[in-house]
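Quick one: the structure is below, questions incoming.
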Amino acid sequence: MTDPLISPRDLGRGFPKDFAWGVSTSAYQIEGAAAEDGRKPSIWDIRCKIEGKVANGETGEIACDHYHRLPEDIALMRDMGLRVYRFSTAWPRILPRGRGVVNQVGLDFYDRVIDQTLAAGMVPWLCLYHWDLPQALEEVGGWTNRDTAYWFADYAAVVAQRTRDRVKHYITFNESSVFTVFGYTNDWAAPGVMDRAAHLKATHHVNLAHGLGVDVLRSLVPGAVIGCVHNNQQVVPETDTPENRAATALLDEFWNGAFPDPQNLGHYPPMLAQMMEPYIQAGDMARICRPCDFFGLNHYGPIFCKADPKTLWGFGWGSAPEGAGDRAVMGWPIFPEKFGEMLLDLTKRYGLPIYVTENGCGNHEDAPDANGIVDDKKRIYFLSQYIGQMKAAMQKGADVRGYMVWSLMDNFEWGSGFGPRFGLIHVDFKTLKRTPKNSSKWYAELIKASRGG
Ligand code: FCB
(Lines give C-alpha, C1' and ligand atoms only; values in the text may rest on other atoms or scores of the structure.)
Protein backbone atom coordinates (compact mmCIF):
# COMPACT_ATOMS: atom_id res chain seq x y z
CA MET A 1 0.00 0.00 0.00
CA THR A 2 2.54 2.56 -1.12
CA ASP A 3 0.82 4.53 -3.89
CA PRO A 4 -0.52 7.92 -2.78
CA LEU A 5 -4.29 7.92 -2.35
CA ILE A 6 -6.30 9.81 -4.92
CA SER A 7 -9.10 11.84 -3.31
CA PRO A 8 -12.60 10.58 -4.06
CA ARG A 9 -13.46 14.00 -5.47
CA ASP A 10 -10.63 13.91 -7.99
CA LEU A 11 -11.30 10.30 -8.84
CA GLY A 12 -15.02 10.87 -9.35
CA ARG A 13 -14.55 13.81 -11.72
CA GLY A 14 -14.52 13.02 -15.42
CA PHE A 15 -16.97 10.11 -15.41
CA PRO A 16 -20.09 10.46 -17.54
CA LYS A 17 -22.89 12.04 -15.51
CA ASP A 18 -25.15 9.03 -16.01
CA PHE A 19 -22.51 6.46 -15.04
CA ALA A 20 -24.26 3.64 -13.14
CA TRP A 21 -22.59 3.65 -9.73
CA GLY A 22 -24.00 1.00 -7.47
CA VAL A 23 -23.57 -2.00 -5.23
CA SER A 24 -24.28 -5.71 -5.66
CA THR A 25 -25.67 -8.36 -3.36
CA SER A 26 -27.05 -11.87 -3.76
CA ALA A 27 -30.07 -13.56 -2.21
CA TYR A 28 -28.49 -16.42 -0.29
CA GLN A 29 -25.65 -14.27 1.01
CA ILE A 30 -27.88 -11.66 2.67
CA GLU A 31 -31.54 -12.63 2.94
CA GLY A 32 -31.71 -15.27 5.69
CA ALA A 33 -35.32 -16.37 6.35
CA ALA A 34 -34.27 -19.58 4.67
CA ALA A 35 -37.27 -21.60 5.77
CA GLU A 36 -39.80 -18.78 5.96
CA ASP A 37 -42.87 -17.94 3.91
CA GLY A 38 -42.70 -21.06 1.81
CA ARG A 39 -39.05 -20.97 0.73
CA LYS A 40 -37.56 -24.45 0.29
CA PRO A 41 -33.87 -25.40 0.38
CA SER A 42 -31.43 -24.58 -2.37
CA ILE A 43 -28.30 -26.58 -3.06
CA TRP A 44 -26.42 -24.16 -0.79
CA ASP A 45 -28.71 -24.80 2.20
CA ILE A 46 -27.89 -28.47 1.75
CA ARG A 47 -24.16 -27.92 1.28
CA CYS A 48 -23.96 -25.82 4.45
CA LYS A 49 -25.21 -28.79 6.46
CA ILE A 50 -22.36 -31.03 5.30
CA GLU A 51 -19.49 -31.00 7.75
CA GLY A 52 -16.34 -29.39 6.45
CA LYS A 53 -17.87 -27.59 3.47
CA VAL A 54 -18.23 -24.14 5.08
CA ALA A 55 -15.83 -22.52 7.55
CA ASN A 56 -16.96 -23.01 11.17
CA GLY A 57 -20.11 -24.78 10.01
CA GLU A 58 -21.69 -21.39 9.21
CA THR A 59 -24.79 -21.08 7.01
CA GLY A 60 -26.96 -18.53 5.23
CA GLU A 61 -29.97 -19.42 7.36
CA ILE A 62 -30.01 -15.96 8.93
CA ALA A 63 -27.13 -14.26 7.05
CA CYS A 64 -27.77 -10.47 7.30
CA ASP A 65 -31.48 -11.02 7.94
CA HIS A 66 -32.07 -8.68 5.04
CA TYR A 67 -35.48 -10.31 4.50
CA HIS A 68 -36.69 -8.62 7.68
CA ARG A 69 -34.48 -5.52 7.57
CA LEU A 70 -35.09 -4.42 4.01
CA PRO A 71 -36.16 -0.80 4.77
CA GLU A 72 -33.05 -0.19 6.88
CA ASP A 73 -30.77 -1.56 4.17
CA ILE A 74 -32.44 0.45 1.44
CA ALA A 75 -32.08 3.60 3.55
CA LEU A 76 -28.34 2.92 3.89
CA MET A 77 -28.07 2.70 0.11
CA ARG A 78 -30.09 5.85 -0.40
CA ASP A 79 -27.75 7.68 1.99
CA MET A 80 -24.79 6.73 -0.22
CA GLY A 81 -26.46 8.30 -3.26
CA LEU A 82 -26.26 5.07 -5.30
CA ARG A 83 -27.85 5.00 -8.72
CA VAL A 84 -28.10 1.24 -9.05
CA TYR A 85 -28.90 -1.68 -6.79
CA ARG A 86 -28.06 -5.11 -8.17
CA PHE A 87 -29.67 -7.99 -6.26
CA SER A 88 -30.70 -11.54 -7.08
CA THR A 89 -34.01 -13.32 -6.75
CA ALA A 90 -33.96 -16.71 -5.04
CA TRP A 91 -35.43 -19.35 -7.32
CA PRO A 92 -36.37 -21.54 -4.30
CA ARG A 93 -38.30 -18.65 -2.75
CA ILE A 94 -40.33 -18.12 -5.92
CA LEU A 95 -40.69 -21.73 -7.10
CA PRO A 96 -39.89 -23.70 -3.95
CA ARG A 97 -39.68 -26.98 -5.85
CA GLY A 98 -37.98 -25.40 -8.82
CA ARG A 99 -41.00 -25.78 -11.10
CA GLY A 100 -44.76 -25.98 -10.82
CA VAL A 101 -46.47 -24.05 -8.04
CA VAL A 102 -45.46 -20.40 -7.71
CA ASN A 103 -45.04 -19.04 -4.18
CA GLN A 104 -46.78 -15.66 -4.28
CA VAL A 105 -45.44 -14.69 -0.85
CA GLY A 106 -41.91 -15.15 -2.20
CA LEU A 107 -42.68 -12.85 -5.11
CA ASP A 108 -44.20 -10.32 -2.68
CA PHE A 109 -40.79 -9.94 -1.06
CA TYR A 110 -39.19 -8.97 -4.38
CA ASP A 111 -42.05 -6.53 -4.99
CA ARG A 112 -40.97 -4.82 -1.78
CA VAL A 113 -37.30 -4.87 -2.81
CA ILE A 114 -38.12 -3.29 -6.17
CA ASP A 115 -40.62 -0.74 -4.88
CA GLN A 116 -38.32 0.44 -2.11
CA THR A 117 -35.31 0.54 -4.44
CA LEU A 118 -37.22 2.77 -6.84
CA ALA A 119 -38.59 4.94 -4.03
CA ALA A 120 -34.99 5.52 -2.88
CA GLY A 121 -34.11 6.83 -6.33
CA MET A 122 -32.14 3.78 -7.48
CA VAL A 123 -32.50 1.60 -10.56
CA PRO A 124 -33.08 -2.08 -9.74
CA TRP A 125 -30.88 -4.61 -11.57
CA LEU A 126 -32.36 -8.06 -11.14
CA CYS A 127 -30.19 -11.16 -11.42
CA LEU A 128 -32.10 -14.41 -11.80
CA TYR A 129 -29.46 -16.87 -10.71
CA HIS A 130 -26.77 -16.35 -8.11
CA TRP A 131 -25.95 -20.02 -7.41
CA ASP A 132 -29.02 -21.07 -5.40
CA LEU A 133 -30.57 -23.84 -7.48
CA PRO A 134 -33.65 -25.36 -5.80
CA GLN A 135 -32.57 -28.62 -4.18
CA ALA A 136 -35.64 -30.35 -5.68
CA LEU A 137 -34.09 -29.81 -9.12
CA GLU A 138 -30.69 -31.06 -7.98
CA GLU A 139 -32.47 -34.26 -7.02
CA VAL A 140 -33.40 -34.79 -10.65
CA GLY A 141 -29.90 -34.03 -11.94
CA GLY A 142 -29.65 -30.25 -11.50
CA TRP A 143 -27.64 -28.58 -14.26
CA THR A 144 -26.56 -31.96 -15.64
CA ASN A 145 -30.21 -32.45 -16.67
CA ARG A 146 -31.02 -30.61 -19.91
CA ASP A 147 -34.59 -30.01 -18.68
CA THR A 148 -33.23 -27.65 -16.03
CA ALA A 149 -32.48 -25.13 -18.80
CA TYR A 150 -36.19 -25.13 -19.73
CA TRP A 151 -37.26 -24.90 -16.07
CA PHE A 152 -34.97 -21.90 -15.75
CA ALA A 153 -36.76 -20.26 -18.68
CA ASP A 154 -40.12 -20.91 -16.96
CA TYR A 155 -38.77 -19.34 -13.77
CA ALA A 156 -37.51 -16.34 -15.77
CA ALA A 157 -41.02 -15.92 -17.20
CA VAL A 158 -42.61 -15.95 -13.73
CA VAL A 159 -40.18 -13.27 -12.51
CA ALA A 160 -40.50 -11.18 -15.68
CA GLN A 161 -44.31 -11.18 -15.58
CA ARG A 162 -44.32 -9.99 -12.01
CA THR A 163 -41.58 -7.36 -12.28
CA ARG A 164 -41.65 -6.02 -15.84
CA ASP A 165 -43.73 -2.97 -14.97
CA ARG A 166 -40.89 -1.72 -12.76
CA VAL A 167 -37.69 -3.55 -13.73
CA LYS A 168 -35.88 -3.03 -17.05
CA HIS A 169 -32.41 -4.40 -16.23
CA TYR A 170 -32.10 -8.18 -16.07
CA ILE A 171 -29.14 -10.51 -15.64
CA THR A 172 -29.57 -14.19 -16.41
CA PHE A 173 -26.63 -15.72 -14.50
CA ASN A 174 -23.92 -14.68 -12.08
CA GLU A 175 -20.46 -16.15 -12.73
CA SER A 176 -21.42 -19.36 -14.47
CA SER A 177 -17.83 -20.55 -14.69
CA VAL A 178 -17.28 -20.14 -10.95
CA PHE A 179 -20.26 -22.22 -9.94
CA THR A 180 -19.62 -24.88 -12.59
CA VAL A 181 -15.83 -25.17 -12.11
CA PHE A 182 -16.12 -25.02 -8.31
CA GLY A 183 -19.30 -27.10 -8.18
CA TYR A 184 -18.24 -29.90 -10.51
CA THR A 185 -14.43 -30.06 -10.45
CA ASN A 186 -12.95 -29.15 -7.08
CA ASP A 187 -15.79 -29.25 -4.56
CA TRP A 188 -15.53 -25.61 -3.53
CA ALA A 189 -19.20 -24.93 -4.28
CA ALA A 190 -22.58 -26.65 -4.48
CA PRO A 191 -23.44 -29.22 -5.65
CA GLY A 192 -19.95 -30.68 -5.16
CA VAL A 193 -20.29 -33.40 -7.81
CA MET A 194 -16.80 -34.24 -9.04
CA ASP A 195 -17.16 -35.58 -12.54
CA ARG A 196 -15.89 -34.48 -15.96
CA ALA A 197 -19.04 -35.37 -17.90
CA ALA A 198 -21.23 -33.68 -15.28
CA HIS A 199 -19.08 -30.55 -15.54
CA LEU A 200 -19.35 -30.42 -19.33
CA LYS A 201 -23.08 -31.10 -19.34
CA ALA A 202 -23.73 -28.49 -16.65
CA THR A 203 -21.70 -25.95 -18.62
CA HIS A 204 -23.69 -26.54 -21.79
CA HIS A 205 -27.06 -26.55 -20.05
CA VAL A 206 -26.35 -23.30 -18.23
CA ASN A 207 -25.46 -21.75 -21.58
CA LEU A 208 -28.70 -23.07 -23.03
CA ALA A 209 -30.65 -21.73 -20.03
CA HIS A 210 -29.07 -18.32 -20.60
CA GLY A 211 -30.16 -18.24 -24.25
CA LEU A 212 -33.69 -19.40 -23.47
CA GLY A 213 -33.84 -16.89 -20.60
CA VAL A 214 -32.80 -14.01 -22.86
CA ASP A 215 -35.60 -14.88 -25.29
CA VAL A 216 -38.19 -15.07 -22.53
CA LEU A 217 -37.13 -11.72 -21.07
CA ARG A 218 -37.00 -10.11 -24.51
CA SER A 219 -40.51 -11.28 -25.36
CA LEU A 220 -42.06 -10.38 -22.01
CA VAL A 221 -40.34 -7.14 -21.05
CA PRO A 222 -40.63 -4.26 -23.50
CA GLY A 223 -37.45 -2.19 -23.49
CA ALA A 224 -35.51 -4.69 -21.39
CA VAL A 225 -31.75 -4.32 -21.01
CA ILE A 226 -30.44 -7.87 -20.76
CA GLY A 227 -27.05 -9.41 -20.09
CA CYS A 228 -25.09 -12.06 -18.28
CA VAL A 229 -22.46 -11.60 -15.57
CA HIS A 230 -19.08 -13.22 -16.23
CA ASN A 231 -16.03 -13.54 -14.02
CA ASN A 232 -13.21 -12.90 -16.47
CA GLN A 233 -9.80 -12.74 -14.81
CA GLN A 234 -6.43 -13.25 -16.50
CA VAL A 235 -5.19 -16.81 -15.98
CA VAL A 236 -1.39 -16.95 -15.94
CA PRO A 237 1.01 -19.81 -15.21
CA GLU A 238 2.38 -19.70 -11.67
CA THR A 239 5.82 -20.41 -13.18
CA ASP A 240 6.67 -20.76 -16.83
CA THR A 241 6.88 -24.54 -17.40
CA PRO A 242 5.27 -26.51 -20.25
CA GLU A 243 3.01 -28.32 -17.73
CA ASN A 244 1.84 -25.07 -16.14
CA ARG A 245 1.29 -23.51 -19.55
CA ALA A 246 -0.92 -26.41 -20.65
CA ALA A 247 -2.94 -26.34 -17.42
CA THR A 248 -3.33 -22.57 -17.77
CA ALA A 249 -4.61 -22.84 -21.33
CA LEU A 250 -7.33 -25.27 -20.30
CA LEU A 251 -8.38 -23.36 -17.18
CA ASP A 252 -8.47 -20.16 -19.25
CA GLU A 253 -11.00 -21.76 -21.62
CA PHE A 254 -13.19 -22.99 -18.76
CA TRP A 255 -12.90 -19.78 -16.77
CA ASN A 256 -12.97 -17.03 -19.38
CA GLY A 257 -14.38 -18.53 -22.56
CA ALA A 258 -16.87 -21.31 -21.73
CA PHE A 259 -19.79 -18.90 -21.28
CA PRO A 260 -18.99 -15.54 -22.91
CA ASP A 261 -17.86 -17.13 -26.20
CA PRO A 262 -20.88 -19.32 -27.00
CA GLN A 263 -23.26 -16.66 -25.68
CA ASN A 264 -21.80 -13.78 -27.69
CA LEU A 265 -19.76 -15.35 -30.52
CA GLY A 266 -21.73 -18.55 -31.11
CA HIS A 267 -18.95 -21.07 -30.47
CA TYR A 268 -17.03 -22.70 -27.63
CA PRO A 269 -13.27 -22.08 -27.28
CA PRO A 270 -11.28 -24.69 -29.28
CA MET A 271 -10.50 -27.39 -26.67
CA LEU A 272 -13.95 -27.18 -25.13
CA ALA A 273 -15.63 -27.31 -28.53
CA GLN A 274 -14.34 -30.84 -29.00
CA MET A 275 -15.19 -32.02 -25.49
CA MET A 276 -18.65 -30.51 -25.67
CA GLU A 277 -19.66 -32.24 -28.90
CA PRO A 278 -21.56 -35.16 -27.34
CA TYR A 279 -23.85 -32.77 -25.45
CA ILE A 280 -24.67 -30.27 -28.19
CA GLN A 281 -27.97 -30.89 -29.97
CA ALA A 282 -28.80 -29.50 -33.41
CA GLY A 283 -29.71 -25.83 -33.13
CA ASP A 284 -28.23 -25.36 -29.65
CA MET A 285 -25.54 -22.85 -30.57
CA ALA A 286 -28.15 -20.57 -32.12
CA ARG A 287 -30.35 -21.00 -29.04
CA ILE A 288 -27.44 -19.97 -26.82
CA CYS A 289 -26.12 -17.03 -28.85
CA ARG A 290 -28.90 -14.48 -28.39
CA PRO A 291 -28.20 -10.78 -28.65
CA CYS A 292 -27.35 -9.22 -25.30
CA ASP A 293 -27.32 -5.53 -24.41
CA PHE A 294 -24.29 -5.55 -22.14
CA PHE A 295 -21.45 -7.63 -20.74
CA GLY A 296 -21.51 -7.88 -16.94
CA LEU A 297 -18.00 -8.20 -15.54
CA ASN A 298 -17.08 -9.35 -12.05
CA HIS A 299 -13.36 -8.82 -11.62
CA TYR A 300 -11.12 -9.26 -8.58
CA GLY A 301 -7.64 -10.24 -9.79
CA PRO A 302 -5.65 -12.69 -11.93
CA ILE A 303 -5.49 -16.42 -11.26
CA PHE A 304 -2.05 -18.02 -11.00
CA CYS A 305 -2.47 -21.50 -12.33
CA LYS A 306 -0.32 -24.57 -11.85
CA ALA A 307 -0.46 -28.07 -13.23
CA ASP A 308 -1.91 -30.41 -10.64
CA PRO A 309 -2.36 -34.00 -11.80
CA LYS A 310 -4.45 -34.82 -8.73
CA THR A 311 -7.31 -32.60 -9.92
CA LEU A 312 -10.09 -33.60 -12.30
CA TRP A 313 -8.75 -31.63 -15.29
CA GLY A 314 -5.13 -31.26 -14.19
CA PHE A 315 -5.30 -27.57 -13.30
CA GLY A 316 -4.83 -26.16 -9.82
CA TRP A 317 -4.67 -22.77 -8.12
CA GLY A 318 -1.10 -21.56 -7.55
CA SER A 319 0.26 -18.52 -5.73
CA ALA A 320 1.07 -15.03 -6.95
CA PRO A 321 4.78 -14.54 -7.56
CA GLU A 322 6.70 -13.22 -4.58
CA GLY A 323 6.45 -9.43 -4.32
CA ALA A 324 3.96 -9.11 -7.18
CA GLY A 325 1.19 -6.87 -5.98
CA ASP A 326 -0.20 -6.41 -2.50
CA ARG A 327 -2.41 -9.13 -1.20
CA ALA A 328 -6.02 -8.99 -0.15
CA VAL A 329 -7.54 -11.64 2.09
CA MET A 330 -8.46 -15.09 0.84
CA GLY A 331 -5.21 -15.10 -1.11
CA TRP A 332 -6.75 -12.89 -3.79
CA PRO A 333 -3.97 -10.72 -5.18
CA ILE A 334 -4.47 -7.02 -5.91
CA PHE A 335 -3.54 -6.16 -9.50
CA PRO A 336 -5.49 -3.03 -10.51
CA GLU A 337 -3.72 -2.65 -13.87
CA LYS A 338 -4.96 -6.11 -14.90
CA PHE A 339 -8.49 -4.79 -14.41
CA GLY A 340 -7.85 -1.97 -16.87
CA GLU A 341 -6.37 -4.41 -19.39
CA MET A 342 -9.37 -6.71 -19.00
CA LEU A 343 -11.83 -3.88 -19.69
CA LEU A 344 -9.99 -2.98 -22.90
CA ASP A 345 -9.70 -6.65 -24.01
CA LEU A 346 -13.40 -7.35 -23.41
CA THR A 347 -14.49 -4.21 -25.25
CA LYS A 348 -12.51 -5.41 -28.25
CA ARG A 349 -13.53 -9.05 -28.07
CA TYR A 350 -17.30 -8.78 -27.57
CA GLY A 351 -18.10 -5.22 -28.66
CA LEU A 352 -20.69 -4.81 -25.90
CA PRO A 353 -21.01 -2.04 -23.34
CA ILE A 354 -19.54 -3.29 -20.06
CA TYR A 355 -21.02 -2.90 -16.63
CA VAL A 356 -18.67 -3.88 -13.83
CA THR A 357 -21.16 -5.80 -11.75
CA GLU A 358 -18.72 -6.76 -8.96
CA ASN A 359 -15.36 -5.56 -7.71
CA GLY A 360 -14.29 -5.25 -4.12
CA CYS A 361 -12.08 -6.30 -1.31
CA GLY A 362 -12.59 -8.71 1.58
CA ASN A 363 -10.97 -7.89 4.91
CA HIS A 364 -11.18 -10.13 7.94
CA GLU A 365 -10.21 -7.36 10.30
CA ASP A 366 -12.95 -4.74 9.65
CA ALA A 367 -14.52 -3.90 13.02
CA PRO A 368 -15.84 -0.81 14.79
CA ASP A 369 -13.27 0.87 17.04
CA ALA A 370 -14.01 2.27 20.51
CA ASN A 371 -15.82 5.20 18.89
CA GLY A 372 -17.87 2.97 16.64
CA ILE A 373 -15.86 3.91 13.51
CA VAL A 374 -14.87 1.26 10.97
CA ASP A 375 -11.77 2.68 9.35
CA ASP A 376 -11.33 0.27 6.42
CA LYS A 377 -8.34 1.94 4.79
CA LYS A 378 -7.44 -1.17 2.86
CA ARG A 379 -10.79 -1.19 1.03
CA ILE A 380 -10.53 2.52 0.21
CA TYR A 381 -7.07 1.88 -1.17
CA PHE A 382 -8.31 -1.10 -3.19
CA LEU A 383 -11.32 0.74 -4.63
CA SER A 384 -9.36 3.86 -5.50
CA GLN A 385 -6.75 1.81 -7.36
CA TYR A 386 -9.31 -0.26 -9.29
CA ILE A 387 -11.61 2.65 -10.10
CA GLY A 388 -8.54 4.66 -11.16
CA GLN A 389 -7.55 1.93 -13.61
CA MET A 390 -11.12 1.73 -14.89
CA LYS A 391 -11.13 5.47 -15.56
CA ALA A 392 -7.80 5.23 -17.38
CA ALA A 393 -9.07 2.29 -19.47
CA MET A 394 -12.20 4.27 -20.38
CA GLN A 395 -10.00 7.12 -21.59
CA LYS A 396 -8.24 4.56 -23.82
CA GLY A 397 -11.52 3.33 -25.30
CA ALA A 398 -12.97 0.75 -22.91
CA ASP A 399 -16.76 1.05 -23.14
CA VAL A 400 -17.67 0.95 -19.44
CA ARG A 401 -21.10 2.26 -18.41
CA GLY A 402 -21.30 1.38 -14.74
CA TYR A 403 -19.56 0.01 -11.67
CA MET A 404 -21.03 -1.85 -8.70
CA VAL A 405 -19.08 -2.59 -5.53
CA TRP A 406 -19.22 -6.06 -4.06
CA SER A 407 -20.83 -5.62 -1.65
CA LEU A 408 -23.37 -3.43 0.08
CA MET A 409 -22.70 -5.10 3.42
CA ASP A 410 -20.65 -7.88 4.99
CA ASN A 411 -22.38 -11.16 4.25
CA PHE A 412 -22.18 -14.93 3.97
CA GLU A 413 -19.13 -15.52 1.79
CA TRP A 414 -19.98 -19.09 0.65
CA GLY A 415 -17.40 -21.68 1.76
CA SER A 416 -15.51 -19.03 3.76
CA GLY A 417 -18.57 -18.32 5.94
CA PHE A 418 -18.66 -14.94 7.68
CA GLY A 419 -14.85 -14.52 7.82
CA PRO A 420 -14.08 -12.28 4.85
CA ARG A 421 -15.94 -8.98 5.09
CA PHE A 422 -16.62 -7.42 1.68
CA GLY A 423 -19.15 -4.77 2.74
CA LEU A 424 -19.20 -1.00 2.57
CA ILE A 425 -21.41 -1.47 5.63
CA HIS A 426 -20.20 -3.50 8.60
CA VAL A 427 -22.57 -6.15 9.96
CA ASP A 428 -22.21 -7.54 13.46
CA PHE A 429 -23.40 -11.09 12.91
CA LYS A 430 -24.41 -11.51 16.55
CA THR A 431 -26.62 -8.44 16.86
CA LEU A 432 -27.10 -7.82 13.10
CA LYS A 433 -26.32 -4.15 13.71
CA ARG A 434 -25.25 -2.25 10.59
CA THR A 435 -22.43 0.32 10.74
CA PRO A 436 -21.39 2.20 7.61
CA LYS A 437 -17.63 1.87 7.15
CA ASN A 438 -15.47 4.82 6.11
CA SER A 439 -15.38 3.33 2.60
CA SER A 440 -19.12 3.92 2.25
CA LYS A 441 -18.58 7.63 2.92
CA TRP A 442 -15.64 7.64 0.52
CA TYR A 443 -17.80 6.00 -2.17
CA ALA A 444 -20.66 8.45 -1.57
CA GLU A 445 -18.27 11.36 -2.06
CA LEU A 446 -16.91 9.89 -5.27
CA ILE A 447 -20.43 9.42 -6.67
CA LYS A 448 -21.35 12.97 -5.76
CA ALA A 449 -18.22 14.33 -7.45
CA SER A 450 -18.93 12.26 -10.58
CA ARG A 451 -22.27 14.03 -10.89
CA GLY A 452 -20.58 17.38 -10.56
CA GLY A 453 -21.68 17.74 -6.92
C1 FCB B 1 -17.94 -13.49 -6.42
C2 FCB B 1 -19.39 -13.87 -6.16
C3 FCB B 1 -20.01 -13.16 -5.00
C4 FCB B 1 -19.04 -12.99 -3.86
C5 FCB B 1 -17.76 -12.37 -4.34
C6 FCB B 1 -16.74 -12.11 -3.25
O7 FCB B 1 -17.29 -14.54 -7.03
O8 FCB B 1 -20.19 -13.61 -7.28
O9 FCB B 1 -21.17 -13.88 -4.63
O10 FCB B 1 -18.85 -14.19 -3.23
O11 FCB B 1 -17.19 -13.20 -5.30
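Ligands are counted one by one from 1 in listed order, and the atoms in each one are counted from 1 as well. Residue numbers start at 1 and run along the sequence shown. For the numbers below, each heavy atom of this structure counts, side chains included, while hydrogens, waters and symmetry mates do not.
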| field | Between W406 and Y300, ring centroids under 6.0 Å | value |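 No.
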| task | Would you check whether S26 has a nitrogen or oxygen atom less than 3.5 angstrom from a nitrogen or oxygen atom of ligand 1? | result |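 No: no nitrogen or oxygen of S26 is under 3.5 Å from one in ligand 1.
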(message) Working to the nearest 0.5 angstrom, can you tell me the gap between Y28 OH and E61 CD?
(response)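 The CD atom of E61 is 7.0 Å from OH of Y28, to the nearest 0.5 Å.
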Of all the atoms in ligand 1, which lie at a distance below 4.0 Å from a heavy atom belonging to F422?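 Answer for ligand 1: 6 (C).
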**Request:** Mark up the atoms of ligand 1 that fall under 4.0 Å of a heavy atom belonging to Q29, in ascending order.
**Result:**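 What qualifies from ligand 1 is 3 (C), 4 (C), 9 (O), 10 (O).
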Next on the checklist: Check for me whether the distance between the ring centres of W313 and W255 falls short of 6.0 Å.
Outcome noted: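 Ring centroids of W313 and W255 are no less than 6.0 Å from each other.
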Between ligand 1 and N174, is the shortest N or O to N or O distance under 3.5 Å?
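Yes, there is a polar N/O contact under 3.5 Å.
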### Task
Heavy-atom contacts with H130 under 4.0 Å: which atoms of ligand 1 show up? List them by number with element.
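Taking each heavy atom of H130 in turn, ligand 1 has 2 (C), 3 (C), 8 (O), 9 (O) under 4.0 Å.
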Is the backbone N or O of L208 less than 3.5 Å from a side-chain atom of R146, with the two atoms forming a donor-acceptor pair by type?
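Not a single qualifying donor-acceptor pair exists.
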- Task: Taking only heavy atoms of W406 into account, list the atoms of ligand 1 that are under 4.0 Å away from them.
- Result: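 Under 4.0 Å from W406, ligand 1 has these atoms: 3 (C), 4 (C), 5 (C), 6 (C), 9 (O).
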Going by an N to O cut-off under 4.0 Å, is there a salt bridge joining D111 and R166?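 Salt bridge between D111 and R166, a charged N being under 4.0 Å from a carboxylate O: yes.
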| query | For W131, is at least one N or O under 3.5 Å away from an N or O on ligand 1? | reply |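 In fact, backbone or side chain, W131 has no N or O that close.
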### Ionic contact status for R39 with D132, cut-off 4.0 Å
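No, no charged N to carboxylate O under 4.0 Å.
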